[in-house]
Amino acid sequence: MSLELLKDYLVETPQPIIGAKTVQIILFREVMDYTVLRTEETRELNTAVTPRSISQNDEIRRVAFLGTKQKAVESRKMERILRTAGEAAGRGELVCYLKDNLCLTCPRCALFGGTNVDSSSEKKANIKHRIVYGTAFSLLPFEDVEASITFNAINDQTQKTGQALGNRYAVRPATLFPSIVTLKSVTQGELVLTLKTLLAAKNYGAETRIGGDLRNTIVGFVAGWEEVITPLELTLELYDRHAELSGETVATILKQYQTYAGNPQQVKVFTPDEVDKVVEEAANTLLDKVFLERVYSDVAQYREQQKG
Ligand SMILES: [Zn+2]
């Protein structure tokens, strides 16, 4: 049971008032197709000015993969996985309409949080999120990862390709975003659901017609009583070692940040071998009736505690 390796940093059941137990999942988000990373209003890619690396202080521009965008895709993905697994396990249809009408009874809602003004009997309900996203910064500078692509505009009514050609700024395939997803006071079931979601999520395109394919590879875990490293620090550290990108390199960086922690004795950096075993076990965990009963009843008791 490799998941047991994390047990000191997980809780038995989710609680409305959270403690310090923190698991940071370190992942590489690798772009597999031209991907538009921008906010809706602009045609430009989201970028940020940062130092080149930890050792080189000259400023460069990097593409920013906003945490809100990662979260939106992965929250939706987890909801779909839960819905399909629920149907397969004969739990009936459990519908959680994201944004407009959150159910606040499913593991997705318990983890990602949300508010809901119930029109029937209950008063306003609120669940605080226990999954935290941060903006990921491209490993390489903007100039090295950006591409302008021309496309045929498609008329939405006729579905025919129009004459108008448009331009989009996109991120090239093979662009790498070192990234971190942080879990606070979560259960083993919630960790499993998160890892499955990260492995399964593939499409992050702003416009569905244009690429947006990514692959997430989990390359590290660091657990403790606090967040040990931020996504920007991770990118700046990895830039200095970008010839040797590996789980080993990530673990070396995490070990170093352990010494900067407020509670270094509580920090555990996982070896690449341990990381692989945990990820494998999570991926192979069946979302069967027993698993689903457990995670749904956890949410039910959480809501009970809130009322009490
Ligand atoms: Zn829900």
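We number each residue from 1, following the sequence as shown.
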Min side-chain heavy-atom separation [X]-[Y] under 4.5 Å:
{"X": "Tyr239", "Y": "Leu236", "value": "no"}
{"X": "Glu146", "Y": "Thr47", "value": "no"}
{"X": "Leu234", "Y": "Tyr257", "value": "no"}
{"X": "Leu111", "Y": "Met78", "value": "yes"}
{"X": "Val23", "Y": "Val186", "value": "no"}

Would the distance check show the side chain of [X] and the main-chain N or O of [Y] forming a donor-acceptor pair, the cut-off being under 3.5 Å?
{"X": "Thr259", "Y": "Lys255", "answer": "no"}
{"X": "Gln301", "Y": "Pro14", "answer": "yes"}
{"X": "Glu281", "Y": "Val192", "answer": "no"}
{"X": "Ser138", "Y": "Val63", "answer": "yes"}

Considering all heavy atoms of both residues, which atom of [X] and which atom of [Y] are nearest to each other, and what is their separation?
{"X": "Asp33", "Y": "Thr35", "value": "O-OG1, 2.7 Å"}
{"X": "Leu193", "Y": "Pro107", "value": "CD1-CB, 3.8 Å"}
{"X": "Val228", "Y": "Gln258", "value": "CG1-N, 4.0 Å"}
{"X": "Ala200", "Y": "Ile81", "value": "CB-CD1, 4.1 Å"}
{"X": "Gly113", "Y": "Arg108", "value": "O-NH2, 3.7 Å"}
{"X": "Phe221", "Y": "Ile26", "value": "N-CG1, 4.4 Å"}

Just how far is it from atom NZ of Lys202 to atom CG of Asp213, taken to the nearest 0.5 Å? 9.5 Å
Measure the CD1-CD distance between Ile17 and Gln306 for me, rounded to the nearest 0.5 Å. 10.0 Å
Is it possible for you to say whether Leu232 and Ile60 belong to one hydrophobic cluster, with membership spreading through side-chain heavy-atom contacts below 4.5 Å? no
Ile25 with Val132, same ILVMFWY side-chain cluster at under 4.5 Å: no
Are more than 12 heavy atoms from other residues, nucleotides or ligands located less than 6.0 Å from atom NZ of Lys277? no
Are there over 12 heavy-atom neighbours, none belonging to Lys7, within less than 6.0 Å of that residue's NZ? no
Check whether NZ of the Lys or CZ of the Arg Arg61 lies under 6.0 Å from the centre of the six-membered ring of Phe142 and within 45 degrees of that ring's axis. yes
Please walk me through it: do Glu74 and Thr194 pass side chain to side chain contact (heavy atoms under 4.5 Å, CB included)? CA-CA 9 Å; Glu74 285 155 21; Thr194 303; over 6 Å; no
Intermediate values then yes/no, side chain to side chain contact (heavy atoms under 4.5 Å, CB included), Asn203 and Val73: CA-CA 8 Å; Asn203 199 282; Val73 170; over 6 Å; no
One pair to check against side chain to side chain contact (heavy atoms under 4.5 Å, CB included): Leu199 and Ile218. What are the steps and the verdict? CA-CA 8 Å; Leu199 295 174; Ile218 294 156; 3.9 Å; yes
